[in-house]
Amino acid sequence: MSEFLLKPRICFGQDALSALTDVSAHSVLLVTDQAMVKFGLASRVTNILRDRGIAFQIWDDVVADPDIATVVRGMKLMDSRYPDLVIALGGGSVIDAAKAVIFALAQTRPDAGRERPCFVAIPTTSGTGSEVTSFSVVKANAEKLVLVDPSLLPDIAILDPTLVASVPPAITADTGMDVLCHALEAYVSTAASDFSDALAEKVVQQVFRYLPTCWRNGQDLQAREKMHNASCMAGMAFTNASLGITHSLAHALGGVFRVPHGRANALLMAQVVAWNADFDGQCDTAAAHKYARLAHLLDLPASTAREGVASLLVAIETLKEEMQMPAGIRDTAVDATDFERRLPEMVGQALRDSCTPTNPRAPDAQALTELYRRTYG
Ligand code: NAD
């Protein structure tokens, strides 16, 4: 038996934030970060709460790639004034922190007799899809741990593209490539289904069509809306089909060297596509044929699996170049000697990452080491 879970109610469009006027609450915890305060996005939420006479407290110092200490800070705050509604407003880091806090508090205080609060996720990047996933990524020392539990799913996701317009070009590129990576990995995952495939195909088409426009002109709300919806659809695909080793390698690279998550995926993605397709060999794997199908959907040459995979690889690299992204890990701040020194540790983390088992080709330590070295450049 297979299953495909659809959970949060999804409100989308340029006035989607107004959905907050209908959510019942007496006491709210708003989880967010300093960028949301600086860009006036947090006040768009608090203005609605104030107008409705709802009491709220704000936790606005969530850091990128939240760690255990961050989660513990959030737990103390939530425990001190337990809300009946939690609103997470921010990128994947903020949403994941809120998820982990709600989850950990329920686990550690089961005797408190409190109901799980309603949980509304409002993404302000078009990247992780965390608003519709049962995943939360939390850092412990230099390792990113992926928590997976259906109770992490928000109850409502609000996709308002006006909240994404302030994302600067470099973060638009990083997060947009994360969307593409979610779709590609879900599409070739060993747990892919007709349902996740339909979403992934649509996502890949929308990313290639709209991401460059978002990067060039962040104020183009039509393109922003298409990318925001694509990000959410990719989340729906991978929360069901899971992911693959681009993510496993990216989690370790991000955990050890603090490379932003989407950028790490962008760096590694083409190498993993080539390896999954066996591009240097027969190029006749099931994944190769699925990549070729995507190339065909993008109107790229794909008369054979090899031609299709080659077209997709060129399209990925061209998209990165168009957005002036680093080509290899060498072009980021990661020093070559440090990279070699930490390589075994990263490979170990990637091998035990929860995204690895659903990769279409099972890797060993040697294969992952080679993929890292090729990506270093
Ligand atoms: P992020 O949340 O770390 O945000 C990146 C930067 O963008 C931050 O400095 C943030 O303040 C800023 N920012 C966010 N929205 C903005 C806006 N509207 N205007 C201006 N600046 C804005 O980045 P992300 O890529 O969204 O999330 C990455 C995290 O999510 C990583 O920890 C990654 O491992 C995790 N992740 C989670 C899932 C999941 O399913 N839970 C999936 C993929 C990745």
Side-chain angles (χ1 to χ4, degrees), residues 8 17 31-42 44-45 60-67 70-71 88-100 103 121-140 143-149 152-154 157 159-183 185-186 214 218-219 221 224 227-228 231-232 234-243 246-255 258-266 349 353-355:
L17 195 59
V31 182
T32 191
D33 71 11
Q34 285 300 313
M36 301 301 102
V37 175
K38 176 179 151 198
F39 287 104
L41 305 183
R44 286 182 62 189
V45 170
D60 62 6
D61 65 350
V62 175
V63 291
D65 297 334
D67 56 8
T70 305
V71 175
L89 172 79
S93 294
V94 164
I95 297 175
D96 280 10
K99 284 176 167 178
F103 181 80
I122 311 176
T124 62
T125 57
S126 303
T128 67
S130 181
E131 69 277 8
V132 290
T133 74
S134 50
F135 293 23
S136 169
V137 184
V138 176
K139 241 172 92 161
E143 181 161 6
K144 279 188 166 187
L145 304 174
V146 186
L147 263 169
V148 189
D149 193 280
L152 295 169
L153 273 165
L159 306 180
D160 189 326
T162 65
L163 299 169
V164 191
S166 52
V167 177
I171 297 177
T172 297
D174 291 346
T175 48
M177 292 305 282
D178 194 21
V179 176
L180 179 61
C181 193
H182 292 153
E185 297 221 291
C214 293
Q219 299 300 320
L221 287 182
R224 286 289 199 188
M227 273 306 298
H228 218 33
S231 171
C232 182
M236 291 160 75
F238 85 78
T239 197
N240 284 284
S242 194
L243 293 163
T246 314
H247 269 80
S248 312
L249 295 163
H251 287 148
L253 183 63
R258 295 171 174 257
V259 177
H261 176 70
R263 193 171 313 165
N265 277 328
Q349 288 186 17
D353 192 285
S354 63
C355 298

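In each ligand, atom 1 is the first atom listed, and ligand 1 is the first ligand listed.
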### Message
So for ligand 1, is H251 a polar contact partner (N or O within less than 3.5 Å, distance only)?
### Response
no
### Task
Could you give me the CA-CA distance, side-chain angles and deciding distance for D174 and R263, then say whether salt bridge (charged side-chain N to carboxylate O under 4.0 Å, His left out) is met?
CA-CA 5 Å; D174 291 346; R263 193 171 313 165; 2.8 Å; yes
### Message
Among all protein heavy atoms in this structure, tell me which lies nearest to atom 18 (N) of ligand 1, with the distance rounded to 0.1 Å.
### Response
L163 O, 2.9 Å
## Note on the structure
re atom 30 (O) of ligand 1, the protein heavy-atom contact at minimum distance is T128 CG2, 3.4 Å
#### Entry: Set of ring pair (Phe, Tyr, Trp, His ring centres under 6.0 Å) partners for H247, sequence neighbours left out
H182, H251, H261
### Message
Can you check which of L41, V167, I171 brings a heavy atom nearest to atom 5 (C) of ligand 1?
### Response
I171
#### Entry: Taking atom 10 (C) of ligand 1 as the reference point, the nearest protein heavy atom with its distance
D33 OD2, 3.5 Å
### Query
Atoms of ligand 1 less than 4.0 Å from T133 heavy atoms?
39 (C), 40 (O), 41 (N)
### Summary
Nearest heavy atom to atom 37 (C) of ligand 1, choosing from V63, D96, D65, belongs to D96
### Sub-4.0 Å heavy-atom approach of H247 to ligand 1
no
#### Entry: Taking atom 21 (N) of ligand 1 as the reference point, the nearest protein heavy atom with its distance
F39 CE1, 4.0 Å
### Task
Quick one: look up the protein heavy atom nearest atom 15 (N) of ligand 1 and list residue, atom name and how far away it is.
T124 OG1, 2.8 Å
### Query
For ligand 1, which atoms, with element, lie under 4.0 Å from some heavy atom of T125?
14 (C), 15 (N), 26 (O)
### Query
Do ligand 1 and T175 have nitrogen or oxygen atoms that lie under 3.5 Å from each other?
no
### Task
Could you list the atoms of ligand 1 found under 4.0 angstrom from a heavy atom of H182?
43 (C)
### Query
To the nearest 0.1 Å, how far is atom 3 (O) of ligand 1 from its closest protein heavy atom, and which atom is that?
S93 OG, 2.6 Å
Anything under 3.5 Å between a donor and an acceptor, one on a side chain of residues 88-98, the other on a protein residue two or more places apart or in another chain? List them.
| residue | atom | partner | partner atom | Å |
| --- | --- | --- | --- | --- |
| S93 | OG | D65 | N | 2.9 |
| D96 | OD1 | S130 | OG | 2.7 |
| D96 | OD2 | V137 | N | 2.9 |

### Query
What residue and atom, counting heavy atoms only, is the protein's closest point to atom 13 (N) of ligand 1, and at what distance?
M36 CE, 4.0 Å
### Message
Would you compute the distance between atom OG of S248 and atom CG of L243 and round it to the nearest 0.5 angstrom?
### Response
8.0 Å
### Query
Have T133 and K99 got a donor and an acceptor in their side chains that come within less than 3.5 Å?
yes
### Summary
K144 heavy atoms within 4.0 Å reach ligand 1 at atoms 31 (C), 32 (O), 33 (C), 34 (O)
### Message
Suppose I only count heavy atoms of F238 and a 4.0 Å limit; which atoms of ligand 1 are within that range?
### Response
40 (O), 42 (C)
### Task
Would you check whether Q34 reaches within less than 4.0 Å of ligand 1, judged by its heavy atoms?
no
